[in-house]
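We name chains A, B, ... by the order of the sequence lines, and we start the count at 1 in each one. Only heavy atoms go into these numbers, but all of them, side chains included; no hydrogens, no water, no symmetry mates. All figures in this text were calculated on a predicted structure; none of them were measured in a lab.
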Amino acid sequence: MTDISPAARTAPASARRSFDVGSVRRDFPVLARTVHGKPLAYLDNGASSQSPDAVIAAVDDYARAHHANIHRGVHTLSQEATALYEGARDRLVGFINAASRHEIVLLRGATEAVNLVAQSHARPLLVPGDEILITHLEHHANIVPWQIVCAQTGAKLVVAPIDARGDVHAEAVEALMGPRTRILACAHVSNALGTVLPVARLMAAARARGIVTLIDGAQAVAHLPVDVRALGCDFYVFSGHKMFAPTGIGVLYGREALLERMPPWQGGGDMILSVEFENTTYNSLPYKFEAGTPNIPGTIGLGAAVEYLGSLDLAAAHAHEDALLRHAQAALTAIPGLRLIGTAPRKLGLVSFVVDGVHPHDLGTILDQDGIAIRTGHHCAMPVMDFFKVPATARASFAFYNTFEEIDRLAASVERARRMFTHGPG
Amino acid sequence: MMDLKDLYRDVILDHNRNPRNFGPLPAASASADGFNPLCGDRLKLHLRLVDDRIEDIRFEGQGCAISTASASLMTESVKGRTRAEALTVFERVHHLLTDDAAEAGDELGKLAALSGVREFPARVKCASLCWHTLVAALKDDAAPAPPAVSTE
């Protein structure tokens, strides 16, 4: 990194003052635990983030006092469970500024949401020779569902390039938008590199050409404000567990006009109005896409996470995260033989790196012994690893509850590992 | 109690830094590929079998310290052995890596250094990848390209 001066290693005092990280940390009970006798430094938020008391309590309260199946049954518990579940949907409408609750489909996660769009929107429309445009930095969840639908329809997957810094240039993507491009699917923020994509410009360019758009927001929603109508995307997908909610719940936002035209993806209970053997009438949006009893506690937890985020000064939280990222990049690049993977000018949330002579997997084990949780591996983005000619990277990914001290421990532990592998144990 | 020094013993660190029998083997009579999708480790193992004896063995690829050292130690250990002897060593190492009660007997020699790995369950696959690849290569040394071995 050339844009980080040594002075930046000390975080700006303003970021510390305006955001009381100590107070926020007390909301997250797991952060008080130790791992191998050391205080936990949880730097794997890109894989999954921790839940605050408010989320844990909401899920707990539901299980203890309100559990029943939703949308049926006139008894009190069923009505309470329905109100909690649908209340969470209403909060999600505001969270991403959807036009209505009809546009919020509750699914297992971002992965399921991409698969739904691929199978329900794309598959009926695509004909041989049509093109689906993605970028080189996508997570496998935004590659493989499109490959499947390409195999089913004869459509072609077109991949927009990244540059040596792991950046996506809007012009390069636009140059690949042709007369046969039907769908543009891209990340908002790269999970392997931290790159923030120029999504607003890409959406405008796609819209002007009549291309349907999907944004994979899994790595974005916890780290920046998302306004789907300002972005102008057709679909936006994200997962609850990367924004402080439980696993197994996520959201497909879709523009109502598009969702209306799409056939159901899965059949079952709750997605129908009436069933006869000759004819079945599907339910209205969003229920048409929510077959079967959904993840009720997960949804309630996600609603509580949205409410919790609303209680924070998010601008200050995001500024704190940005300061953490700069601090981490400066502290890590001071280590000899360490190379950052992904140095795009606009990054957030994480730092991916490799160290000469130390395999990321070994690094992960050594850091774990120091109580530091990071992710090592290919991050479900093997094409990114191939591009940078590395088998894997180590990735530290942040949330607003992380501290500068945790990052200093990360850097010290990486340096210890490097010495161990280059000079022998000791 | 897990101890890093038990995992990264001097023998392991040495074989990671200076892997033995590393590189291509043009005269190979058998080869096999190993892949650990969890961490991206890839390993290519080449053998030259003469009258059922491993006359030469070399490996290529990139992996973590545990996987590299295990492969390096393995090539040293099985070079010169018959197929049956090599499979016996495989059984012993497999036992050592997976059975908490297993003790590293003298017959394992330097391979005993791998015993620390079993305290780190996430890393057992790293150590065992090359051994499963060896078994695949020994199974059919006539086949030009046996299917890749995966730890998954």
Side-chain angles (χ1 to χ4, degrees), chain A residues 34-38 44 47 140 144 192 337 341 352 354-395 412-426, chain B residues 1-19 22 33-44 59-72 97 113-130 133 148 150-152:
Chain A
T34 58
V35 170
H36 302 305
K38 312 275 174 52
D44 194 20
H140 295 165
V144 182
I341 302 294
S352 229
V354 291
V355 185
D356 284 347
V358 191
H359 190 281
H361 217 172
D362 295 310
L363 203 55
T365 294
I366 291 166
L367 266 56
D368 179 59
Q369 291 294 304
D370 286 341
I372 302 165
I374 62 161
R375 173 80 180 269
T376 60
H378 52 61
H379 315 295
C380 295
M382 285 185 176
V384 173
M385 301 296 114
D386 290 343
F387 179 84
F388 286 98
K389 297 185 170 54
V390 293
T393 73
R395 181 189 73 180
S413 194
V414 170
E415 172 60 11
R416 184 167 84 95
R418 189 188 71 82
R419 285 177 182 277
M420 181 170 157
F421 280 94
T422 52
H423 305 297
Chain B
M1 183 60 198
M2 297 193 278
D3 185 347
L4 271 186
K5 288 205 174 83
D6 207 34
L7 179 65
Y8 295 114
R9 297 179 192 188
D10 288 353
V11 174
I12 303 279
L13 292 175
D14 172 43
H15 277 256
N16 175 48
R17 268 198 297 272
N18 306 298
F22 187 82
D33 291 322
F35 179 49
N36 182 348
L38 202 67
C39 57
D41 284 2
R42 284 174 196 279
L43 178 85
K44 203 177 247 309
F59 76 104
E60 298 177 90
Q62 46 191 352
C64 64
I66 304 303
S67 125
T68 303
S70 183
S72 172
L97 289 174
L114 293 170
S115 65
V117 175
R118 69 179 178 224
E119 299 298 323
F120 295 79
R123 306 304 301 277
V124 169
K125 282 178 178 176
C126 309
S128 59
L129 176 66
C130 62
T133 311
S150 166
T151 56
E152 287 302 292

Please list, chain by chain and in numerical order, all residues satisfying ring pair (Phe, Tyr, Trp, His ring centres under 6.0 Å) with Phe388(A), sequence neighbours excluded.
none

Go through the steps to decide whether His36(A) and Leu4(B) satisfy the test side chain to side chain contact (heavy atoms under 4.5 Å, CB included), and finish with yes or no.
CA-CA 11 Å; His36(A) 302 305; Leu4(B) 271 186; over 6 Å; no

Proximal to chain B - members of residues 355-364 of chain A, heavy-atom separation under 4.5 Å:
Gly357(A), His359(A), His361(A), Asp362(A)

Quick check on Met382(A) against chain B: is it the side chain, the backbone, both or neither that has a heavy atom closer than 4.5 Å?
side chain

Report the C-alpha separation of Ile66(B) and Thr365(A) in whole Å, then their side-chain angles, then the decisive distance to 0.1 Å, and conclude whether the side chain to side chain contact (heavy atoms under 4.5 Å, CB included) test is met.
CA-CA 11 Å; Ile66(B) 304 303; Thr365(A) 294; over 6 Å; no

Checking heavy atoms, do the side chain of Arg42(B), its backbone, both or neither come under 4.5 Å from chain A?
neither

Between Asp14(B) and chain A, which part of the residue has a heavy atom less than 4.5 Å away: side chain, backbone, both or neither?
neither

When rounded to the nearest 0.5 angstrom, what distance separates CG in Leu7(B) from CD in Gln369(A)?
8.5 Å

